[in-house]
Amino acid sequence: MSKLFVSILVSLLFVSCASDDGGGGAIGISELPETPVEDEQEVGEEEVKLTDEELLDLTQKETFKYFWDFAQTESGAARERYHPQEPSNDVNTVTVGGTGFGLMGILVAMERGFVSRSEGVERLSKIISFLENADRFHGAWPHWLDGRNGKTLPFSEKDNGADLVETSFLAQGLICVKEYLKEGSSKEKAVAEKADALWKDVEWDWFTQNKNTLYWHWSPDFGFDINLELKGYNEVLITYVMAAASPDFSITKDTYENGWASIGAIANGASAYEIPLIVNHAGSSQKGGPLFWAHYSYIGLDPSNLADAFVNYGDATVNHAKINYAYCVDNPKGYKDYGEDCWGLTASYSRNSDGSLGYNAHSPSNDTGIVSPTAALSSMPYTPEESMKALRYFYSKKDQLLGPAGFYDAFSPQNDFWVADAYLAIDQGPILVMIENYRSGLLWQLFMQNEDVQRGLNNLGFTY
């Protein structure tokens, strides 16, 4: 996740399924149908050439290029950003959370045949070896690493050490790699074991400061000075789940309920567009925060029927997406093209008032006329019909929106169809992986079948 958004979030905060005992879990063997299902939906001369399945194939394959063709060279890990018009921009800056999404994206590519199994394993091995030797702080990685040598690249003066949330996004990917390769060849088993050991080395409980909550950052120079506590609802549920799943550095249920759940205050009985909000979104948004909050924690963690003592997260994520869609259809600001097939507000690149490239956490309460394809596409498991309409709209504008690594990060029909012809790992990764969760449930199966994950969820009192 971009720290630019963290700054926005901090300001807002201050202002205001058990596994199958029959052994039927995912083991990395493709069971995908060879022939795509035909779809007779016709929405224009260009789109009718592709079925829904073909269009999903194209989207995943093109998006995967971000993590394969444009990865950081020495490490094989995901670059923070890629600007086709300025390819040397941040060429060696590796994003830890985005790399976690990229690990899962490589599994999708292996499963779908975008790369061979041997090619995928070789790249996974390269990335994991890099992570083994990179800077870590009490087991946790920083937000950014130099792909050439594994050294920390500070995001800000005090943000030059451990980033527990980015580490948890990476841990999701490491667990999925472990589960996908654990029954494979001797080389695959070795990669699986390394991936498993890496996330287990994180001293999750140390980041409580001996309090009943988790903290986001620690710096070797400034300690816990940033002092950002992890409370929901936002993107950090997965951090608590990973911390509870840890065999050696686990947190308690009290830490979870006091931290993430605020002793039940996370629940919200309000509605928007006659759709229950379910949870209190950080920043007191009455129509939901940016949509990545419904994505990042659930790349591997399956929200379907996932509930703690206070909230059903399956309902919360689905309703978050539905409210975001309903807002764009309502279009209270009258922005051009907003509607049933052009929607999706989340944190992404943005258009500054002078037309230059910026960054913003778009949401119904912060709507500047910018649509981010990752918002609707990564919501495919929650809003399949609405997301498919959006995909067909994006594809109908492919001459403007489809670049060398999938759909560009953001655009604005309101501003003469301005396009942010750039990419961010944390936006491309959820598109690739969440579409796969919609199609086959692959990453959800892999993550949820992990015994440590199941123990962690049980320890926190979840049903799933």
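All figures in this text were calculated on a predicted structure; none of them were measured in a lab.
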Regarding Q72 and S75, is there a side-chain donor-to-acceptor distance under 3.5 Å anywhere?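 S75 and Q72 do have a side-chain donor-acceptor pair below 3.5 Å.
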Would you please say whether a donor-acceptor pair under 3.5 Å links the side chains of T383 and E386?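 Judged by distance alone, the side chains do not pair up.
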side-chain hydrogen bond (donor to acceptor under 3.5 Å, both in side chains) contacts in which one or both residues fall within residues 318-329, not counting sequence neighbours: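 Found Y327-D367.
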Is the shortest side-chain heavy-atom distance between [X] and [Y] below 4.5 Å?
| X | Y | result |
| --- | --- | --- |
| W141 | L198 | yes |
| I127 | T99 | yes |
| L164 | V202 | yes |
| V329 | Y338 | no |
| I431 | T59 | yes |
| E111 | Y180 | yes |
| T317 | Y298 | yes |
| Y464 | N458 | yes |

Centroid-centroid under 6.0 Å between [X] and [Y] rings:
| X | Y | answer |
| --- | --- | --- |
| Y256 | F462 | yes |
| W144 | F155 | yes |
| H362 | Y349 | no |
| Y296 | F101 | yes |

Step by step, work out the side chain to side chain donor-acceptor pair (under 3.5 Å) result for S156 and D159. CA-CA 5 Å; S156 66; D159 191 2; 4.6 Å; no
What's the verdict on side chain to side chain contact (heavy atoms under 4.5 Å, CB included) for L306 and N312, showing C-alpha distance, side-chain angles and the deciding distance? CA-CA 6 Å; L306 180 73; N312 182 305; over 6 Å; no
Check side-chain hydrogen bond (donor to acceptor under 3.5 Å, both in side chains) between D409 and all other residues, then give those that pass, not counting sequence neighbours.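 For D409, no residue satisfies side-chain hydrogen bond (donor to acceptor under 3.5 Å, both in side chains) once neighbours in sequence are set aside.
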Return the set of residues passing side-chain hydrogen bond (donor to acceptor under 3.5 Å, both in side chains) with T346 (not counting sequence neighbours), or none when no residue passes.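 T346: no side-chain hydrogen bond (donor to acceptor under 3.5 Å, both in side chains) contacts found.
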Between [atom1] of [X] and [atom2] of [Y], what distance do you get to the nearest 0.5 Å?
| X | Y | atom1 | atom2 | result |
| --- | --- | --- | --- | --- |
| H83 | Q85 | NE2 | CD | 10.5 Å |
| N305 | Y313 | CG | OH | 14.5 Å |
| C328 | W343 | SG | CH2 | 7.5 Å |
| L170 | M242 | CG | CE | 9.5 Å |

Going by the rule salt bridge (Lys or Arg N to Asp or Glu O under 4.0 Å), which residues pair with R79 if we only count those two or more places apart in sequence or in a different chain?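 With neighbours one apart ignored, the set is empty.
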Can you pull the salt bridge (Lys or Arg N to Asp or Glu O under 4.0 Å) pairs that have at least one residue in residues 84-99, sequence neighbours excluded?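 Checked against salt bridge (Lys or Arg N to Asp or Glu O under 4.0 Å) - neighbours excluded - the pairs reaching residues 84-99 are R81-D90.
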Do any N or O atoms from the side chain of [X] and from the backbone of [Y] form a donor-acceptor pair under 3.5 angstrom?
| X | Y | value |
| --- | --- | --- |
| D308 | F310 | yes |
| N268 | I278 | no |
| E235 | S297 | no |
| Y423 | A405 | yes |
| T95 | G98 | yes |
| S372 | A375 | no |
| N366 | A361 | yes |
| N234 | H281 | no |
| Y273 | D330 | no |
| T51 | E54 | yes |

Salt-bridge contact R439-E53 (side-chain N to carboxylate O under 4.0 Å):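 The answer is yes: the pair qualifies as a salt bridge.
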Compare every heavy atom of [Y] with every heavy atom of [X], then report the nearest pair and how far apart it is.
| X | Y | answer |
| --- | --- | --- |
| I299 | N437 | O-ND2, 3.0 Å |
| I238 | L301 | CD1-CB, 4.1 Å |
| L377 | S387 | CD2-O, 4.1 Å |
| V191 | S125 | CG2-CB, 3.8 Å |
| F67 | A425 | CZ-O, 3.6 Å |
| G369 | Y335 | N-CE1, 3.3 Å |

Going through the distances and angles, do R112 and F64 end up as a side chain to side chain contact (heavy atoms under 4.5 Å, CB included)? CA-CA 11 Å; R112 291 273 165 194; F64 172 63; over 6 Å; no
Criterion side chain to side chain contact (heavy atoms under 4.5 Å, CB included) on L424 and Y82, from CA distance to verdict: CA-CA 7 Å; L424 290 167; Y82 172 56; over 6 Å; no
Out of the candidates K61, M380, E436, only one should pair with L56 under the side-chain contact (heavy atoms from CB on, under 4.5 Å) rule; please name it.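 By the side-chain contact (heavy atoms from CB on, under 4.5 Å) criterion, L56 pairs with just one of K61, M380, E436: M380.
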Kindly determine whether Y395 and F407 satisfy ring pair (Phe, Tyr, Trp, His ring centres under 6.0 Å), including the steps that lead there. CA-CA 8 Å; Y395 186 68; F407 292 107; 7.1 Å; no
Would you sort out whether T239 and V236 count as a side chain to side chain contact (heavy atoms under 4.5 Å, CB included), showing the intermediate values? CA-CA 5 Å; T239 313; V236 306; 4.1 Å; yes
Among residues at least two apart in sequence or on other chains, which ones pass side chain to side chain contact (heavy atoms under 4.5 Å, CB included) with S353?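 In terms of side chain to side chain contact (heavy atoms under 4.5 Å, CB included), with neighbours along the sequence ignored, S353 is linked to no residue.
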Pick one: which of K182, R117, K178 meets salt bridge (charged side-chain N to carboxylate O under 4.0 Å, His left out) with E188?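 Exactly one option meets the salt bridge (charged side-chain N to carboxylate O under 4.0 Å, His left out) with E188, and it is R117.
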Over 60° means perpendicular and under 30° means parallel, so tell me whether Y233 and W260 are parallel, tilted or perpendicular.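 Ring orientation, 0 to 90° scale: perpendicular.
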